[in-house]
Amino acid sequence: MTRRFANRWNGGLTEADVTPKETFFNRRQIMTGAGAVAAAGLIGGPAAAKLTTVPSKYSTKDTPNTLDQITHYNNFYEFGLDKTDPSKYAGQLTVSPWSIKIDGMVDKPGTYALDDLTKGVTLEERIYRFRCVEAWSMIIPWDGFTLSTLLNRVGVQSSAKYVAFRTLERPSEMPGQRSNLLDWPYREGLRLDEAMNPLTILATGIYGEPMPKPDGAPIRLVVPWKYGFKSIKSIVQITLTDKQPETTWNMQAPGEYGFYSNVNPHVDHPRWSQASERRIGGGLFAKRIPTQMFNGYGDEVASLYKGMDLRKFY
Ligand SMILES: Nc1nc2c(c(=O)[nH]1)N[C@H]1C(S)=C(S)[C@@H](COP(=O)(O)O)O[C@H]1N2
Ligand SMILES: [Mo]
């Protein structure tokens, strides 16, 4: 497996080097439920019981994808390049105990157990559109809480302007990290006002189940108006800083992936159009859907970018 990664590594790898596996879904006509996903070892952690969540006013009305689709068509390069690799290899990831180091420009830095960070927090169900830069999309019913809840708990200092995130680095359980496929650990960042926006959540589950491992157990970011790669998985570090953070895909291919990465049908990726998308589960011949500015969340977030040239700040 390591060899396969090494061979594919050519210094110019991009997020879309793997063709979407459309045929995969044609083979998977029988949709299985949460039970089958749990049985496959993809949902881990002590909280096997259903989580209690309240519906959120930010949810879309679109019909969600099935849990089976949501856990078998993933980008999680720590487990391989193929969309089906995370469903095959993420089961081995230990997600309990889990802690997050919070540092930088905060009043209460420290390494916090995940249970302590989420104690007393109400989980909301957020049904969000999720749009990948490769032009596929899903509708996912996340369970989570606003990132601002956590940031307010630790106290953001007035000097902070950005939030940086890092994923777990554990090659013994993450086979993709045994090669230099990407510059590990996976890194992402948001401007502080983006981070504090009520749409931005830390998700800990899907469909009332603990976060499935292929989707970034036990806790991952969800930023619904940005391309999928901004939504970093399996977070172990959150740093408040006054400098724009390095981000994995921007370091990998700066001409293709910028810091902002807002969903924008008018700004094409250098190698393909971003004007439309293919909904996962719609079948091979389903019509493509026109992509909406800010993924349809313009009312909530357009004001964050007033006066900015989004062609320049892509
Ligand atoms: N740590 C980590 N986070 C990641 C990725 C990754 O490879 N590693 N892939 C990103 C990309 S490109 C996408 S589209 C989404 C996919 O999320 P999903 O598999 O839950 O749909 O996760 C993002 N977060
Ligand atoms: Mo993506």
Side-chain angles (χ1 to χ4, degrees), residues 5 13-21 37 42-43 64-90 93 95 126 128-144 164-171 173-177 179 181-190 201-207 209 211-224 226-238 247-253 256-257 261 263 269 272 274 277-281 291 295:
F5 290 140
L13 182 80
T14 73
E15 210 210 334
D17 282 353
V18 183
T19 323
K21 296 272 179 296
V37 174
L42 298 178
I43 294 174
N65 282 88
T66 65
L67 189 61
D68 193 62
Q69 291 164 342
I70 294 168
T71 55
H72 289 78
Y73 193 88
N74 301 98
N75 272 339
F76 201 168
Y77 279 34
E78 285 83 343
F79 296 102
L81 283 168
D82 288 351
K83 299 282 180 275
T84 55
D85 282 342
S87 67
K88 291 179 190 142
Y89 305 119
L93 181 66
V95 297
R126 301 281 186 102
Y128 276 158
R129 278 185 211 96
F130 196 78
R131 166 58 158 91
C132 183
V133 74
E134 297 165 270
W136 50 266
S137 61
M138 287 200 219
I139 305 295
I140 306 184
W142 306 103
D143 306 311
F165 304 86
R166 281 175 182 240
T167 292
L168 176 71
E169 195 165 12
R170 190 185 288 157
E173 291 184 353
M174 295 175 139
Q177 289 181 340
S179 82
L181 185 60
L182 294 174
D183 186 359
W184 310 112
Y186 197 96
R187 271 160 270 187
E188 258 307 333
L190 295 172
I201 59 168
L202 287 167
T204 57
I206 294 175
Y207 273 122
E209 306 286 342
M211 184 62 73
K213 293 180 183 182
D215 296 274
I219 185 164
R220 56 89 57 84
L221 189 69
V222 178
V223 195
K226 293 179 181 281
Y227 289 114
F229 63 90
K230 297 294 289 183
S231 291
I232 183 173
K233 298 177 171 183
S234 305
I235 296 167
V236 294
Q237 189 174 357
I238 299 177
T247 66
T248 291
W249 285 105
N250 180 247
M251 291 188 292
Q252 182 74 23
E256 302 191 14
Y257 309 105
S261 306
V263 174
H269 184 280
W272 59 81
Q274 293 285 15
E277 64 203 58
R278 178 179 60 90
R279 184 64 48 81
I280 295 302
T291 290
N295 213 16

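All figures in this text were calculated on a predicted structure; none of them were measured in a lab. All ligand and atom numbering here is 1-based and tracks the order in the structure. For the numbers below, each heavy atom of this structure counts, side chains included, while hydrogens, waters and symmetry mates do not.
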Q: Give me the ring orientation class for Phe79 and Phe76: parallel if the planes are under 30° apart, tilted from 30 to 60°, perpendicular past 60°.
A: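 Perpendicular, since the angle between the ring planes exceeds 60°.
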Q.
List the residues meeting salt bridge (charged side-chain N to carboxylate O under 4.0 Å, His left out) with Glu169, not counting sequence neighbours, and say none if there are none.
A.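 With neighbours one apart ignored, the set is empty.
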(Q) If the condition is salt bridge (charged side-chain N to carboxylate O under 4.0 Å, His left out), which residues does Lys226 pass it with, not counting sequence neighbours? (A)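 Counting only residues at least two positions away or on another chain, Lys226 forms a salt bridge (charged side-chain N to carboxylate O under 4.0 Å, His left out) with Glu194.
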Q: To the nearest 0.5 angstrom, please state how far the CG atom of Leu190 sits from the NZ atom of Lys230.
A: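 Leu190 CG to Lys230 NZ: 6.0 Å, rounded to 0.5 Å.
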Go through ligand 1 atom by atom and flag the ones less than 4.0 Å from a non-hydrogen atom of [X].
X: Tyr77; answer: 6 (C), 7 (O)
X: Cys132; answer: 14 (S)
X: Glu78; answer: 1 (N), 2 (C), 6 (C), 7 (O), 8 (N)
X: Thr167; answer: 1 (N)
X: Asp215; answer: 18 (P), 20 (O)

(Q) Please determine whether any non-hydrogen atom of Ser231 lies less than 4.0 Å from an atom of ligand 1. (A)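 Within the 4.0 Å threshold, so yes.
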Q) Can a non-hydrogen atom of Arg220 be found less than 4.0 Å from any atom of ligand 1? A)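 Yes, Arg220 has heavy atoms under 4.0 Å from ligand 1.
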Q. Is it the side chain, the backbone, both or neither of Met138 that has a heavy atom closer than 4.0 Å to ligand 1?
A.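 No part of Met138 is near ligand 1 at this cut-off.
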Q | ligand 1 contact on Asn74 by region, counting heavy-atom pairs under 4.0 Å | A |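 It is both parts that get close, each with some atom under 4.0 Å.
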(Q) Just checking Trp249 against Tyr77, ring centres under 6.0 Å apart? (A)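 Yes, they do, as the ring centres are separated by less than 6.0 Å.
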Q | Minimum-distance pair of heavy atoms, taken over all atoms of Ser261 and Phe229 | A |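 Scanning both residues, the minimum pair turns out to be OG-CZ, 3.0 Å.
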Q | Candidates Glu134, Arg131, His269 - the one meeting side-chain hydrogen bond (donor to acceptor under 3.5 Å, both in side chains) with Gln274 | A |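 Answer to the side-chain hydrogen bond (donor to acceptor under 3.5 Å, both in side chains) test with Gln274 among Glu134, Arg131, His269: Arg131.
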Q) Relative to atom 2 (C) of ligand 1, which among Tyr186, Trp136, Phe130, Tyr73 owns the nearest non-hydrogen atom? A)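 Heavy atom nearest to atom 2 (C) of ligand 1 belongs to Tyr186.
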